[in-house]
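Working notes for the structure below.
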Amino acid sequence: MPVRVLPFRQFVLKVHSRCDLACDHCYVYEHADQSWRGKPKVISAEVVAQAGVRIAEHARGHSLPGVRIILHGGEPLLAGASRLAQIARALRAAVEPACPLDLRVHTNGVRLDERMCEVFLAERVKVGISLDGDRAANDLHRRFADGRSSYDHVLHAVGLLRGERYREIFAGLLATIDVRSDPVASYRALAALGPPALEFLLPHGTHDEPPPGADRGVTPYADWLAAVYEAWHSDGEPVPVRIFESIRRTSLGLSSLTEALGTEASDLAVIETDGTIEQADSIKVAYDGAPETGLDIFRHPLDAAAAHPAIAARQRGVAGLAAACRRCPVVASCGGGLYAHRYRAGTGFDNPSVYCADLEKIITHVRSGLGTAPVAANGPVTSQPVTSQRPAYQLPAGDFDAVAAGFGDGAAIGRLAAAQRTFRRQLLELLRARASERADGAFLAGWELLERLQQDNDAAFAVVLAHPYVRAWAERCLRAATKPDGGPAPLPPEAGHLAAIAAAVAVRAGALAEIDVPAAGGFLSLPTLGRLRVGPPIGSTGAGAISVAEGGFEVRANSGKWHVQLADPAADADWEPVRELRSGEFTVRLEDTDPYRDCHQWPAAPRVGDAELAQWRERFAVAWPLIGQDYPAYAGGLTAGLSVLLPLANDVPGRDISAAARPAFGAVGAALPVDGAALALLLIHEFQHVKLGAVLDMYDLCDPADRRLYYAPWRDDPRPLEPLLQGAYAHLGVTDYWRVRRGRVAGDAALDADERFARWRMLTAEAIETLAGSGSLTVQGDRFVAGMRATVGPWLAEPVGDGAARAAAQWAAERRARWERDRRPEHQ
Ligand code: SF4
């Protein structure tokens with residue numbers, strides 16, 4: 001039986017195996033594995049070419065929509081500017097015919113000069129720099145072999161990357177923690193450099209070789225990070241700090257932004273300067289030879305490495321963790337920490353992290369600031385509402401049944417949207433009840449303007465209040481303004497965003513108005529309309545004013561003045577309008593400006609460039625007519641409910657990424673899909689989540705007291721009942737897509753569609769039976785699942801090809817066997 005492997009999507013390519021610094025915490029030279037001694041110093045052109053061939057082959061074989069390659073070392077810049085340029089070109093030439101390539105370099109920065117920067121700019125290589133904090137923190141470790149400090153060299157490099165010319169290739173700063181350093185001074189020194197992202201790394205260690213700091217208390221790393229967290233939060237969170245953002249995201253059921261946290265499968269392979277394929281570098285800390293696979297790119301495809309037992313062991317999510325981790329209340333955020341940190345001679349990696357106590361403490365600390373109950377490791381992928389209130393709106397029985405069947409016409413989905421509007425007003429009322437005359441001036445000014453405008457401006461009100469991220473913002477504020485015991489707390493500063501919401505209504509209505517609005521992250525934002533750049537991209541706070549007059553609106557910032565005409569927004573280079581995707585009469589907004597849009601399972605992408613915008617438009621122009629023609633049962637609902645397509649960052653290149661979010665009714669998030677048909681599928685799939693989320697806002701379909709986990713036939717990990725319902729309902733739409741698709745395409749594409757239909761109807765029907773037999777559906781839940789079952793039942797009788805039926809059955813049997821194997825006692 002062929003072995004199914006999860007593909008790699010990230011590749012660390014060692015281009016130079018020596019370093020010009022002698023950092024004593026380096027995992028390449030200073031830990032157990034000493035294999036670097038036998039490796040060639042510099043990667044050869046032959047190894048680069050073969051790496052490109054293998055990565056392209058892997059991308060094609062798995063239909064990956066993109067991959068990331070990180071040029072690494074040792075110190076990669078020792079390879080020299082012209083050699084690095086050749087490497088970048090060779091990789092792009094080999095890989096880009098197969099899929100887009102996200103090329104990066106990770107450097108100590110010592111040799112980064114203008115010539116290097118020009119190369120990286122020309123070859124589109126993003127640059128990450130290691131810097132441990134202020135001069136004192138950095139000099140604890142990051143020194144030359146003769147003891148000299150590297151600090152001034154690195155600061156010069158960061159200065160280049162911060163400048164206007166190279167800013168677009170600046171990826172961020174990585175700092176390794178030393179608990180002897182001052183946490184707040186270290187953090188503030190790094191934040192002051194204005195990096196686009198900041199990452200704090202725990203120094204490597206294992207249970208056999210514990211990290212330093214045991215003399216500084218029981219949880220020295222959690223205490224150090226907690227001090228940084230408090231300073232970062234009180235500074236207004238001026239730069240994304242990946243460890244804190246990852247804890248917040250995973251606490252809400254979203255993905256982690258770092259491999260050191262979370263439960264997602266590992267997807268990274270290392271290619272050494274001699275072409276050998278290894279596991280992630282950090283495993284070098286465990287024992288000599290730990291990363292070895294015995295494979296190389298000349299003799300083996302990358303699939304062979306992906307199937308290697310040591311790599312497959314890291315792709316099993318929670319099921320692959322030690323028993324103590326599987327029972328742990330913070331496992332959804334922690335995921336057992338970095339794989340290398342679990343090692344102990346005798347038990348290998350089947351242990352909690354050597355940082356277990358620190359991880360649990362810092363995760364709990366960050367979660368307490370979030371004001372939300374942590375979700376289970378197998379919790380829903382969409383965040384739960386912050387209030388127990390339900391929309392003051394009832395759905396007619398016919399609408400309920402139509403949505404339960406998997407569909408819902410424009411009128412039914414329009415009523416779901418109306419329920420969402422009433423819910424948003426309720427949330428605003430809750431915020432208003434917590435607002436203080438003394439402290440919440442911007443919020444109250446926004447409230448007054450909305451009250452004045454609501455009389456005669458229904459259309460403008462409807463558009464802005466229906467904007468998906470208005471609710472996301474309101475829930476975020478309400479969460480912050482609610483004590484752990486449920487009592488009211490002061491509004492957070494971001495509640496002032498209501499002024500911008502009111503200004504957007506005024507602009508859309510053309511109503512005369514003048515209002516001060518807060519700036520955040522360097523922008524003044526007008527929801528649904530766009531944003532004006534008013535300061536440095538990161539860390540700017542302040543205020544500006546928006547006034548609406550005849551024929552346009554004017555945006556003023558405290559440092560200058562802009563005039564933006566509605567009729568010609570492109571006239572101002574600092575104004576970034578929300579752009580639309582159009583097909584016939586139907587338009588959706590491609591939302592890449594709203595400051596509260598990052599609430600989906602995957603991170604929101606930054607502003608989309610013109611080339612990608614053209615690709616979105618081209619795919620949408622194919623997808624929408626395809627839905628109208630082949631999937632009319634979904635088209636009406638989408639027309640009534642879909643208002644926003646949110647570009648998602650493909651932070652794990654190669655993964656098909658799409659997501660809906662419960663607080664963002666009307667929005668579907670996605671990384672750019674490969675073509676229009678793929679976009680049509682993901683719109684149908686994700687909008688099922690949107691519809692069901694709105695129903696769940698109104699009704700309990702599952703008994704919340706049922707805390708059992710159920711087999712989800714499309715996943716490796718078991719799911720609580722409500723997420724199982726979410727998955728089954730979404731896959732009902734997926735099944736229908738392939739059911740129709742197999743009659744619309746020919747040849748291999750038809751065979752593929754037939755097999756997918758056979759597979760998804762089987763899995764969806766199985767999940768529906770699990771739901772129906774759970775005994776934990778409410779009365780409405782029983783009715784809803786009965787509707788789903790009535791739709792899928794006749795599909796089970798539709799004929800499929802013998803090959804499709806066999807392949808689908810084999811796929812399902814393999815998955816079931818893997819799941820049952822994981823439940824056997826030795827895996828408990
Ligand atoms: S905190 Fe400890 S027990 Fe919990 S998941 Fe992390 S390493 Fe495992």
Side-chain angles (χ1 to χ4, degrees), residues 177 179 199-214 216-226 228-229 242-266 280 282-283 285-286 290 313-370 372-379 381 707 709 716-720 822 826-828:
I177 298 169
V179 289
E199 185 152 16
F200 287 104
L201 307 174
L202 295 166
H204 289 317
T206 68
H207 291 280
D208 297 335
E209 295 218 18
R216 295 189 170 248
V218 180
T219 53
Y221 290 89
D223 300 340
W224 195 95
L225 280 166
V228 172
Y229 177 80
R242 288 199 191 283
I243 185 168
F244 302 144
E245 300 214 321
S246 293
I247 292 171
R248 286 178 174 171
R249 291 176 59 81
T250 50
S251 298
L252 295 169
L254 309 179
S255 62
S256 173
L257 304 176
T258 160
E259 66 162 334
L261 292 172
T263 56
E264 280 126 24
S266 166
S282 51
I283 300 177
V285 75
R314 302 175 60 197
Q315 298 183 324
R316 295 178 49 227
V318 175
L321 299 181
C325 293
R326 295 203 302 272
R327 291 191 300 269
C328 174
V330 300
V331 67
S333 290
C334 177
L338 197 68
Y339 189 70
H341 298 170
R342 303 174 203 164
Y343 183 76
R344 185 195 298 275
T347 48
F349 296 93
D350 190 20
N351 308 293
S353 170
V354 69
Y355 284 106
C356 179
D358 289 282
L359 289 167
E360 183 173 10
K361 188 170 181 182
I362 188 60
I363 289 167
T364 305
H365 185 88
V366 173
R367 283 182 175 182
S368 69
L370 203 55
T372 184
V375 296
N378 302 300
V381 295
R707 310 197 62 89
L709 298 175
D716 287 332
D717 56 336
R719 306 287 284 160
D822 289 345
E826 65 266 31
H827 291 272
Q828 298 296 309

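These numbers come from a predicted model, not from an experiment. In listed order, ligands and their atoms are each counted from 1.
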Residue pair I243 / E245, side-chain heavy-atom distance below 4.5 Å: no
Contact atoms of ligand 1, heavy-atom distance to C325 under 4.0 Å: 3 (S), 5 (S), 7 (S), 8 (Fe)
G336 touching ligand 1 at heavy-atom level, < 4.0 angstrom: yes
is_close_aromatic(Y343, H207), centroid dist under 6.0 Å: no
For atom 4 (Fe) of ligand 1, closest protein heavy-atom neighbour: C328 SG, 2.4 Å
Stepwise salt bridge (charged side-chain N to carboxylate O under 4.0 Å, His left out) check, R344 with D350: CA-CA 8 Å; R344 185 195 298 275; D350 190 20; over 6 Å; no
Distance (rounded to the nearest 0.5 Å) between W224 CH2 and I362 CD1: 10.5 Å
Identity and separation of the nearest protein heavy atom to atom 2 (Fe) of ligand 1: C356 SG, 2.4 Å
Y355 and P203, any side-chain heavy atoms less than 4.5 Å apart: yes
Ligand-residue contact atoms, ligand 1 with V330, heavy atoms, under 4.0 Å: 1 (S)
Ligand-residue contact atoms, ligand 1 with C334, heavy atoms, under 4.0 Å: 1 (S), 5 (S), 6 (Fe), 7 (S)
Nearest non-hydrogen protein atom, atom 7 (S) of ligand 1: S353 N, 3.3 Å
Qualifying residue, where the test is side chain to side chain contact (heavy atoms under 4.5 Å, CB included) with P211 and the options are V354, V179, D358, T206: V354
